[in-house]
2 protein chains.
Amino acid sequence: MPRTIGFAKHDHDDCVQTALARADMHCANAGLRLTPVRRRSLEILLAEHRALGAYDLLAHLSAEGLGAQPPVAYRALDFLVRAGFAHKIEALNAYIACAHLGVNHTPAFLICRSCRSVAETDTAPAQGRLGDAAKAAGFTIERTVVEAEGLCPACQPESAS
Amino acid sequence: MPRTIGFAKHDHDDCVQTALARADMHCANAGLRLTPVRRRSLEILLAEHRALGAYDLLAHLSAEGLGAQPPVAYRALDFLVRAGFAHKIEALNAYIACAHLGVNHTPAFLICRSCRSVAETDTAPAQGRLGDAAKAAGFTIERTVVEAEGLCPACQPESAS
DNA sequence: GCCCAGATGTTATAACATATCAATAGCACT
DNA sequence: AGTGCTATTGATATGTTATAACATCTGGGC
Ligand SMILES: [Zn+2]
Ligand SMILES: [Zn+2]
Ligand SMILES: [Zn+2]
Ligand SMILES: [Zn+2]
């Protein structure tokens, strides 16, 4: 059953299972513990396939008896973000499962202001103008936040012709 | 009396006055009202020359009898951001006066995680890889957030040698 | 003077995030 | 099995950021 993701359709069940399997693998290799709450949190983010607030995630978890207090959600999100399984969208104060799980990358996001869907892409800002500016200023870049807000294909005004 | 700004020294009093004059001019031309609270808020952001939280700004304002409730600060900041006189740093949930006031630009920021100083530079992410990705996805970019976190020159570990 | 739009004053609350400390579970070592 | 260490979880409280909602005021066009 295809479903919209990153503005494109795909076999979503398959995509969730693949990502979970990769996460299991990565944790086994890295000695990380993908505990029930963490694994279920990742599964929820993958299933929603959009940016969820920490309290949105918490609502899902608490409905399943996996914890009812904010720290439960924030701890799980912190783990997932550290492990590279999820990203925080700063412009939304929300979290989304990584779309390139297992691949080393510098994420960038396209965020629809109308339907809040998010597409993850890749970038290398530290190698472009931003990197030049940092170098000139003597600044050491450790992390970059690149987010574009606008309208996704589905939310474009019909207009024109 | 020079003071650090964007990791470099400069005549700060002069820089504040110039920016305020430009803001006055711009408002006069555009039919915007730079009311006392708004003007003072901009002056405070300019004087601090670093990212201030809305409640930090509110503390300054309330100490001067210019309003004591959150909406006062958020309204002023909203005006300044809309007018292009200030920017929101999404990664900090904080606000900073624009360093290129009056010039049309797409801001990008270098944020020191140690001393919280911020340098504003310029970028054109919509013309690079991000723009390509957006085009391929049929996404219309309206605004971009580009922020780099790391260490400023003053906060680099001495080490080496 | 009247009206309207924008700006302010004020109260309350929503939404996002962390500090702290106690209890527990997994694991290495003996 | 028992000991000690560390990561995780449970639970309560609090801190921080942001907006909703509604009343009031102010300035400029008519
Ligand atoms: Zn997917
Ligand atoms: Zn959309
Ligand atoms: Zn600027
Ligand atoms: Zn610094």
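Per chain, numbering begins at 1; letters A, B, ... match sequence-line order. All heavy atoms count here, side chains included; hydrogens, waters and symmetry mates do not.
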* Asked: For the side chain of Arg38(A), counting heavy atoms from C-beta on, which of dA18(D), dT9(D), dT8(C) is nearest?
  -> dT9(D)
Where do N or O atoms of nucleotides 21-30 of chain D meet protein N or O atoms at under 3.5 Å, pair by pair?
from	atom 1	to	atom 2	distance (Å)
dA21(D)	N6	Arg75(B)	NH2	3.4

* Round to a whole Å and report the spacing from CG of Leu92(A) to P of dA17(C). => 11 Å
* Is Arg22(A) reaching over with its side chain to a backbone N or O of Leu101(A), donor-acceptor style, under 3.5 angstrom? -> yes
* Kindly indicate whether the side chain of Val118(A), heavy atoms from C-beta on, has any atom under 4.5 Å from the side chain of Arg50(A). => no
* To do: May I ask whether Tyr74(A) stacks on the base of dT18(C), given the cut-offs of 5.5 Å between ring centres and 30° between planes?
  => no
* Which heavy-atom pair separates Arg116(A) from Gly53(A) by the least distance, and what is that distance? -> NH2-N, 4.1 Å
* Starting at the 5' end of DNA chain C, which residue's closest nucleotide do you reach first, Val37(B) or Ala54(A)? -> Val37(B)
* Of the nucleotides dT8(C), dT9(D), dA18(D), which one has an atom closest to the side chain of Thr35(B)? -> dT8(C)
* Gap between atoms CZ and C1', on Arg116(B) and dT16(D) respectively (whole Å) -> 11 Å
* To do: Please report, rounded to the nearest Å, how far the C1' atom of dT17(D) is from the CG atom of Leu57(B).
  => 13 Å
* Using a 4.0 Å heavy-atom cut-off across all strands, classify Phe79(A) as base, sugar-phosphate, or nothing. => nothing
* Indicate whether any N or O donor in one side chain lies under 3.5 Å from an N or O acceptor in the other, for Thr144(A) and Glu147(B). => no
* Take atom CG of Asp78(B) and atom P of dT17(D), then tell me their distance rounded to the nearest Å. => 18 Å
* Using modelled atom types only, decide if a donor and an acceptor are shared between the side chain of Glu90(A) and the backbone of Val145(A) within a distance under 3.5 Å. => no
* Given atom CG of Leu77(A) and atom P of dA17(C), what is their separation to the nearest angstrom? -> 9 Å
* Starting at atom CG of Leu34(B), determine the distance to atom P of dA7(C), rounded to an integer number of angstrom. => 11 Å
* Inter- and intrachain pairs under ring-ring contact (aromatic ring centres under 6.0 Å, His included), touching residues 63-91 of chain A, at least two apart -> His26(A)-Phe85(A), His87(A)-His105(A), His87(A)-Phe109(A)
* Asked: With centres under 5.5 Å and planes under 30°, do Tyr55(A) and dC16(C) count as stacked?
  -> yes
* Would you call Glu149(A)-Arg143(B) a salt bridge at under 4.0 Å N-O? -> yes
* Structure fact -> Separation of dT18(C) atom P from Leu58(A) atom CG, nearest Å, is 15 Å
* Asked: Given atom NZ of Lys88(A) and atom C1' of dT17(D), what is their separation to the nearest angstrom?
  -> 11 Å
* **dT16(D) phosphate, OP1 or OP2, under 4.0 Å from Asn93(B) side-chain N/O** => no
